[in-house]
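This report refers to the structure that appears directly beneath it.
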Amino acid sequence: MRRWYVLLAAAWLALPAWAAERTFPANAQRGKMTPGYFPEVGIDGATRRLSPAARIFNQDNLIEMPAALRGSDIVVNYTVDGEGRIDRIWILTTAEAAQKLPAPGAK
């Protein structure tokens, strides 16, 4: 019985190693975000609006509520909908921020 507990603990500790690398859409853009009063955010110093169905993903790829965001100059990837509003934002880890975004149309 004790072996099962040890194996279960080892499997639990190995879960972060199984995490998949996040992939971003080809049309993703990068910027520095400063949260504002909903539905507005600052991206690279310009005030932008979030779409009604906008989603913000934190570093663990979990959805973050806009009112819970704190700080400024948060490095993010984001996408824009057909009306020019931001519809998805990914808050980047340090490793993700160090990588360059692929050029649009590159595979």
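Here the structure is a predicted model, which is why all the values come from computation and not from measurement. Computation of the quantities below employed the complete heavy-atom set of this structure, encompassing side-chain atoms and omitting hydrogens, waters and symmetry-equivalent molecules.
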List the atom pairs, with distances to 0.1 Å, where a side-chain N or O of residues 56-63 and a protein N or O form a donor-acceptor pair under 3.5 Å, not counting sequence neighbours.
{"from": "Asn58", "atom 1": "OD1", "to": "Asp60", "atom 2": "N", "distance (Å)": "2.9"}
{"from": "Asn58", "atom 1": "OD1", "to": "Asn61", "atom 2": "N", "distance (Å)": "3.2"}
{"from": "Asn58", "atom 1": "OD1", "to": "Leu62", "atom 2": "N", "distance (Å)": "3.0"}
{"from": "Asn58", "atom 1": "ND2", "to": "Glu64", "atom 2": "OE1", "distance (Å)": "3.2"}
{"from": "Asn61", "atom 1": "OD1", "to": "Arg22", "atom 2": "NH1", "distance (Å)": "3.3"}

Which donor-acceptor pairs under 3.5 Å do the side chains of residues 88-95 make with protein atoms, sequence neighbours left out?
{"from": "Arg88", "atom 1": "NE", "to": "Thr79", "atom 2": "OG1", "distance (Å)": "3.3"}
{"from": "Thr93", "atom 1": "OG1", "to": "Glu96", "atom 2": "N", "distance (Å)": "3.2"}

Run the side-chain donor-acceptor check on residues 39-50: report pairs under 3.5 Å with partners two or more places apart or on a different chain.
{"from": "Asp44", "atom 1": "OD1", "to": "Lys32", "atom 2": "N", "distance (Å)": "2.9"}
{"from": "Arg48", "atom 1": "NH2", "to": "Gly84", "atom 2": "O", "distance (Å)": "3.4"}

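- Taking every heavy atom of both residues into account, Ser51 and Arg85 meet most closely at N-CB, 3.9 Å.
- Transitive grouping of hydrophobic side chains (ILVMFWY, heavy atoms separated by less than 4.5 Å) keeps Leu101 and Val80 in distinct clusters.
- In terms of the side chain to side chain donor-acceptor pair (under 3.5 Å) criterion, residue partners of Gln29 (sequence neighbours excluded) are, by chain and number, Tyr78.
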Name every donor-acceptor pair, under 3.5 Å, that has one atom in a side chain of residues 68-77 and the other anywhere in the protein, sequence neighbours excluded.
{"from": "Arg70", "atom 1": "NH1", "to": "Ala67", "atom 2": "O", "distance (Å)": "2.8"}
{"from": "Asn77", "atom 1": "OD1", "to": "Arg30", "atom 2": "NE", "distance (Å)": "2.9"}
{"from": "Asn77", "atom 1": "OD1", "to": "Arg30", "atom 2": "NH2", "distance (Å)": "3.4"}

